[in-house]
Protein chains: 2
Amino acid sequence: MGNKQQITERIAALLKDSKLSVTETRTKILELFMKSNGALEHSDFEKLAGKSFDRVTVYRTLQTFLDKGIIHKIPTTDTSVRYAVCKSECTEHHHHDHHVHFKCEACGHTICLDETNIPEIQLPKGFAANNVEVVVSGVCKSCK
Amino acid sequence: MGNKQQITERIAALLKDSKLSVTETRTKILELFMKSNGALEHSDFEKLAGKSFDRVTVYRTLQTFLDKGIIHKIPTTDTSVRYAVCKSECTEHHHHDHHVHFKCEACGHTICLDETNIPEIQLPKGFAANNVEVVVSGVCKSCK
DNA sequence: TAAATTTTGCAACATTGTTGCAAAATTACA
DNA sequence: TGTAATTTTGCAACAATGTTGCAAAATTTA
């Protein structure tokens with residue numbers, strides 16, 4: 001776990017690794033990701049942080065994190081965009097996003113199942129796969 | 001294939017099966033789905049149909065088709081919502097949407113790979129799956 | 001064909017996402 | 001450490017997308 005101080009330091013290191021300035025907004029948004037232990041969408045930040053930062057800043061911060069490979073998007077069937085923090089193997093230039101996303105229909109949370117591998121999918125002749133996204137919905141461990 | 005007349009009749013029958021009035025808008029939107037042979041998003045209808053019908057009507061028509069199980073949504077990582085027509089096994093109360101969706105990075109089209117089955121995914125203990133969505137991106141047959 | 005029902009279009013509004021620019025914060029470096 | 005260069009933020013204004021109520025029009029019922 002680690003105390004608040006340690007988390008802040010870890011976040012600062014993460015930002016510096018990505019050659020980003022360490023700012024209050026970025027630190028706070030990353031804290032929210034770590035606390036939530038799941039996927040967040042845009043409106044969550046405004047709720048969770050009590051509009052302590054501007055809407056525009058949130059958009060730009062998330063875009064920056066995406067560009068640097070700190071977070072990734074999770075596919076949804078509605079108009080919301082959900083984000084989750086990447087594991088260490090992700091970099092600006094290469095994403096290893098080959099894990100399953102799980103959306104609980106009871107609590108509404110989306111989490112990354114990092115240990116669950118995506119099986120090989122046999123595409124029809126002539127199709128070349130580049131990336132595979134899997135979203136499972138159902139009931140999660142906590143809501144069972 | 002069948003000529004225009006036959007298609008119109010098939011669409012009318014489909015609508016009647018779902019206990020929906022046969023209207024110009026609904027017929028036209030279903031025609032667009034059949035012509036496109038893939039997934040459409042909202043803006044497509046306004047483009048393809050040359051704003052011959054109202055934005056609001058499109059929203060409501062798609063929602064109605066969803067409710068009746070005539071079309072289904074396809075997950076995306078952006079804010080757009082993509083729709084495709086369901087196969088015959090889908091009904092108002094039960095969706096058999098267990099096929100793979102393929103998004104071509106070259107032409108931008110999303111299609112349903114109806115013959116491609118989704119392999120069993122081994123979830124961690126305590127998780128119960130209800131539905132599995134798979135979206136593969138890459139290069140399609142036509143763009144290869 | 002007339003009445004009952006359903007659907008559509010308009011207007012008005014709510015939400016979500018984007019851009020330019022000046023002020024503020026952070027970083028680089030003497 | 002203090003100052004200049006750079007980066008980030010917040011505001012305002014705008015654009016795009018989605019929603020609701022209600023009266024007019026179209027479709028279905030019988």
Side-chain angles (χ1 to χ4, degrees), chain A residues 8-32 39-68 70-83 92 108, chain B residues 8-9 11-32 39-68 70-71 73-83 92 108:
Chain A
T8 306
E9 274 168 26
R10 239 183 19 234
I11 288 172
L14 175 60
L15 288 171
K16 277 175 194 158
D17 282 350
S18 297
K19 299 195 173 40
L20 292 174
S21 300
V22 179
T23 68
E24 208 186 314
T25 308
R26 289 177 179 160
T27 305
K28 209 156 183 176
I29 286 185
L30 281 177
E31 268 175 28
L32 290 174
L40 295 175
E41 54 186 270
H42 223 280
S43 54
D44 290 330
F45 296 105
E46 313 193 10
K47 276 180 238 147
L48 289 172
K51 58 180 161 179
S52 63
F53 26 67
D54 196 73
R55 248 161 33 86
V56 178
T57 304
V58 176
Y59 282 112
R60 288 197 272 227
T61 302
L62 292 172
Q63 185 57 53
T64 303
F65 287 173
L66 278 175
D67 292 343
K68 296 291 184 178
I70 296 173
I71 61 176
H72 62 265
K73 288 184 180 180
I74 300 172
T76 62
T77 52
D78 55 43
T79 54
S80 71
V81 183
R82 257 191 289 279
Y83 303 88
E92 180 166 4
Chain B
T8 306
E9 275 169 25
I11 287 173
L14 176 59
L15 287 171
K16 277 175 194 157
D17 281 351
S18 298
K19 299 195 171 44
L20 291 174
S21 301
V22 180
T23 68
E24 208 186 314
T25 309
R26 288 178 180 159
T27 306
K28 210 157 186 178
I29 286 185
L30 281 178
E31 268 175 28
L32 290 175
L40 295 174
E41 53 187 272
H42 223 280
S43 54
D44 291 330
F45 296 104
E46 313 194 9
K47 277 179 238 148
L48 289 172
K51 56 179 161 180
S52 63
F53 25 67
D54 195 73
R55 249 162 31 86
V56 177
T57 304
V58 176
Y59 281 112
R60 287 196 271 224
T61 302
L62 292 173
Q63 185 58 53
T64 303
F65 288 173
L66 278 175
D67 291 344
K68 296 292 184 178
I70 296 173
I71 61 175
K73 289 185 181 181
I74 300 172
T76 62
T77 52
D78 55 44
T79 54
S80 71
V81 184
R82 258 191 288 279
Y83 302 88
E92 180 168 2

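Remember, it's a predicted structure, so these values are computed and weren't measured experimentally. Naming: A, B, ... by sequence-line order, numbering from 1 per chain.
Pairing each heavy atom of B:Val22 with each of B:Ala12, the nearest pair is CG2-O, 3.9 Å. Scanning both residues, A:Ala39 and A:Asp44, for their nearest heavy atoms gives O-OD2, 4.4 Å. Here the shortest heavy-atom pairing between A:Arg26 and A:Thr61 reads CG-CG2, 3.9 Å.
Each of A:Lys16, A:Lys28, A:Glu31 was compared with A:Ile11 under the side chain to side chain contact (heavy atoms under 4.5 Å, CB included) criterion, and only A:Glu31 meets it.
Residues B:Asp54 and B:Thr25 are not in side-chain contact: their nearest non-hydrogen atoms beyond the backbone lie 4.5 Å or more apart.
Annotation: of the two residues near DNA chain C, B:Lys19 and A:Lys16, the 5′-most nearest-nucleotide partner is B:Lys19.
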inquiry  = Assess the residue pair A:His42 and A:Leu62 against the criterion (side-chain contact (heavy atoms from CB on, under 4.5 Å)); give the C-alpha distance rounded to whole Å, side-chain angles, the decisive distance to 0.1 Å, and a yes or no.
reply    = CA-CA 9 Å; A:His42 223 280; A:Leu62 292 172; 3.7 Å; yes

Table of protein N/O atoms under 3.5 Å from nucleotides 16-20 of chain D N/O atoms:
unit_1: D:dG18; atom_1: OP2; unit_2: B:Tyr59; atom_2: OH; d: 2.5
unit_1: D:dG18; atom_1: O5'; unit_2: B:Tyr59; atom_2: OH; d: 3.3
unit_1: D:dG18; atom_1: N7; unit_2: B:Arg55; atom_2: NH1; d: 3.1
unit_1: D:dG18; atom_1: N7; unit_2: B:Arg55; atom_2: NH2; d: 3.2
unit_1: D:dG18; atom_1: O6; unit_2: B:Arg55; atom_2: NH2; d: 3.1

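Remark: C1' of C:dT7 and CD of B:Glu24 are 12 Å apart, rounded to the nearest angstrom. If you take CG of A:Leu66 and P of C:dG17, they are 13 Å apart, rounded to a whole angstrom. Here C:dT6 presents its P atom at 11 Å from CG of B:Leu20, a figure rounded to the nearest Å. One atom, CZ of B:Phe65, and another, P of C:dT7, lie 10 Å apart when rounded to the nearest Å. Atoms CG (A:Leu62) and C1' (D:dT8) sit 15 Å apart, rounded to a whole Å. A straight line from CZ of A:Phe45 to P of C:dG17 spans 12 Å, rounded to a whole angstrom. Regarding A:Phe53, its CZ atom lies at a distance of 14 Å from the P atom of D:dC11, rounded to whole Å. Between B:Asp54 atom CG and D:dC22 atom P the separation is 18 Å, expressed in whole Å.
For A:Thr23, whose side chain is taken as the heavy atoms from C-beta onward, the closest listed nucleotide among C:dT8, C:dT26, D:dT28 is C:dT26.
A close approach under 4.0 Å does occur between a side-chain nitrogen or oxygen of B:Thr25 and OP1 or OP2 of C:dT8.
Taken to the nearest 0.5 Å, the CG atom of B:Leu15 stands 5.5 Å off from the CD1 atom of B:Ile70.
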